[in-house]
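First up is the structure itself, then whatever we jot down about it.
What you see is a predicted model, and the numbers here were worked out from it, not measured in a lab.
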Amino acid sequence: MTLLNYPVIFKEHFIMENTESQKPYKLASREYKKENTIVEIPNNRGQVIRVGGSRIVTIAGPCAVESREQMLEVAAAVAASGAVMLRGGAYKPRTSPYSFQGLGEEGLKYLKEAGDKYGLPVVTEIVDSSLIPIMEKYVDVYQIGARNMQNFELLKKVGMLGKPVILKRGLSATIEDFLMAAEYLLASGTEKVILCERGIRTFEKATRNTLDLSAIPVLRGLTHLPIIVDPSHAVGIRDKIPPMGLASVAGGADGIIVEVHCHPEKALSDGPQALYPQQFDKLMHDIEALAPVLGKSIAHIRLQPLALSKEKTDKENEKKPGSILCAYSGNRGAYAEQAIARYFDSEAITELPTSSFSELFQSVTDGKADFGMVPIENSLAGSVYENYDNLSRFEDVSIIGSVTLNIRHALLGVKGGRLEDVKNVYSHPQALSQCKKYLENHPEWKHVDAVSTATAAKTVSQLESSENAAIASIVNASLYGLDVLCEDIEDNPGNFTRFVVISANNAKPKLKMMNVTPKTASIIFKTKNQPGALYHCLGIIDKYKLNLSRLESRPIEGEPWRYWFYADADISALGEQIPELENSEKGIREYIEKAVEELKTMADDVRILGIY
């Protein structure tokens, strides 16, 4: 039974007992729920699209569903560019009764078919509650349009469905009006409400509406609900939509919803504001470039595994029957490749090289790889901060294991090269710092950064000059036809790198070794901006007897003097300290999750990175 079905007196008592908020919108208020709500929307590929986290989501498609061919064509285009949901109107509320009103249920069928083909959940507008029985089997996300924002009976009925809802701001609605409409949905039963700023009506005539971007930070302070922006309806002019889409993301929106049509000049509805697929593709590339500056990344749909590196022979490139793919950063011969062989041991494994750590994480998120091997810390050079940042950005992956590798560096040169000929040394910055003492004996050498030690070895091989050398594993000598100029040049023989193995959260277990008693719990949390905040968080960690083996802080992009804290806890002895856990994997995981729930009361944001 929903909250609106209870007697009024009981409802008021329930709300006042469960929140200190004095605002008229109780359940939507930031006082009722401190942490941001993340709305999860599954697709037909086993993936979950999360709206409201550190991923920027894009919803795209035509204003109206016009035909099966049109929907399949536009779905293919927007999916290829990176959209994660498909929009399209089957029932169209038009200003003129003589305008195209949509195809109705036939349009819903076309929309659903196209969405399912490309793994895109379907978003469409509901204009009347009488349509719910028809729409239920086709719709993943209901949209309440601007004209219906204050259609309270419709809000109640849609809220009772418990499904995700995108609520658009009314043409003349204040922010309080907007949040009160959201309150109707929340009070009726659904917790999955996404607010959409789509412009308001002002005296300005240069654009269709006036896009109120200031609403994004204002709403962020008032409510825990995710916020997206519709620049298409706000601006109404094709070439003005991309810059406003970028501005929306820069302003803090969790995503955008835009109109895309393959032939907008022939569109039956709102053709002038529909982007061509090429324009949408460029917009997505621009957002992808902007996202890291904001400490975010782009949400993508899980794909089928792609072809492997062309550097290998056809025989080597062939995936072993029944094998799994593990991505790593760099080229063949990288230490990460050795770590893969060590960790997976007897498992049938195929390595997938990527050009950067960010691409590695994206490959696992998108399903191009089953796992990723990620260096996280070195005993001499310290933490690989870039990957701590990636762990905070990519919310759809978790740590499922770790392996430690003894790192032994060698100086490699071209065949017949001599030490005295060397002028340039290529390697990963971590490797250069790990060989600092050796390099100090050759101050004349220029140090050149590379993506990985293996990439450095490959580069030296391609340059074919005795003036160049690489610091890398000795195995790269035979791989790239190089000579070993000097072995064991690291500062300390006790040079170890710890790698973590990541996997997509929604991926099914593929390893026998995953069903073992976990030994480490990794979490990330953001402290409140007040005295003693970290002390109180550590007090909860102590209360639950979590033995911290590592605590690392990282500044938060765009939030001066705010920090993420990364914590590793050794939980190998937890079962002995707390006998009722009985060393069971399920019991330990539930215990850690309980600790994290309590930690949320003391921190602004908390997430489990992995229990492994």
Are the side chain of [X] and the backbone N or O of [Y] linked by a donor-acceptor pair below 3.5 Å?
X: Q143; Y: V123; result: no
X: T124; Y: G88; result: yes
X: D396; Y: T365; result: no
X: K163; Y: V139; result: yes
X: N331; Y: P353; result: no
X: N43; Y: G119; result: yes
X: R169; Y: A173; result: yes
X: S232; Y: V258; result: no
X: E265; Y: G271; result: no
X: E183; Y: A28; result: yes

Nearest-0.5 Å distance, [atom1] of residue [X] to [atom2] of residue [Y]:
X: S329; Y: E386; atom1: OG; atom2: CD; value: 8.0 Å
X: E31; Y: H224; atom1: CD; atom2: NE2; value: 10.0 Å
X: L219; Y: L179; atom1: CG; atom2: CG; value: 5.5 Å
X: F178; Y: I227; atom1: CZ; atom2: CD1; value: 8.5 Å
X: T174; Y: M180; atom1: OG1; atom2: CE; value: 10.0 Å
X: E288; Y: S358; atom1: CD; atom2: OG; value: 8.0 Å

Between [X] and [Y], a side-chain donor and acceptor under 3.5 Å:
X: H263; Y: Q70; answer: no
X: D389; Y: S392; answer: no
X: E204; Y: T210; answer: no

Checklist entry - Under the side chain to side chain contact (heavy atoms under 4.5 Å, CB included) criterion, do E197 and D212 qualify, and how do the steps go? => result CA-CA 7 Å; E197 169 58 47; D212 183 10; 3.8 Å; yes
Next on the checklist: Quick one, K296 with V249, criterion side chain to side chain contact (heavy atoms under 4.5 Å, CB included). Give me CA distance, side-chain angles, the key distance, then yes/no.
Outcome noted: CA-CA 10 Å; K296 294 190 174 186; V249 172; over 6 Å; no
Checklist outcome for this item: Only residue of R208, R198, K168 satisfying salt bridge (charged side-chain N to carboxylate O under 4.0 Å, His left out) with D230 is K168
Non-hydrogen side-chain atoms of [X] and [Y] separated by less than 4.5 Å:
X: P62; Y: M71; result: yes
X: Y25; Y: T223; result: no
X: E259; Y: R87; result: yes
X: I166; Y: I59; result: yes
X: V500; Y: N387; result: no
X: K458; Y: Q462; result: yes
X: D270; Y: H233; result: yes
X: N390; Y: L360; result: no

Checklist entry - Yes or no on side chain to side chain contact (heavy atoms under 4.5 Å, CB included) for Y566 and L609, after CA distance, side-chain angles and deciding distance? => result CA-CA 9 Å; Y566 299 83; L609 295 178; 4.0 Å; yes
Can you give me the closest heavy-atom contact between [X] and [Y], atom names plus distance?
X: Y276; Y: C262; answer: CD2-O, 4.2 Å
X: P226; Y: V193; answer: CD-O, 3.4 Å
X: L86; Y: A114; answer: CD2-CB, 3.9 Å
X: L290; Y: L246; answer: CD2-O, 3.8 Å
X: Y110; Y: S67; answer: CD1-C, 3.7 Å
X: L154; Y: S129; answer: CD1-N, 3.5 Å

Item to check | Over 12 non-hydrogen atoms of neighbours within 6.0 angstrom of NZ in K528 | outcome: yes
Is it true that [X] and [Y] make a salt bridge, defined as a side-chain N closer than 4.0 Å to a carboxylate O?
X: K600; Y: E35; result: no
X: R220; Y: D254; result: yes
X: D140; Y: K112; result: yes
X: R562; Y: D605; result: no

Checklist entry - Which word best sums up how the rings of F152 and Y184 line up, parallel for under 30°, tilted for 30 to 60°, or perpendicular for over 60°? => result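 Aromatic pair F152/Y184 classed parallel.
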Checklist entry - When F394 is tested against each of F357, F361, Y388 for ring-ring contact (aromatic ring centres under 6.0 Å, His included), which residue passes? => result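 Only one option passes, and that is F361.
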Item to check | side chain to side chain contact (heavy atoms under 4.5 Å, CB included) assessment of L275 paired with R238 | outcome: CA-CA 6 Å; L275 297 180; R238 183 176 298 119; 4.0 Å; yes
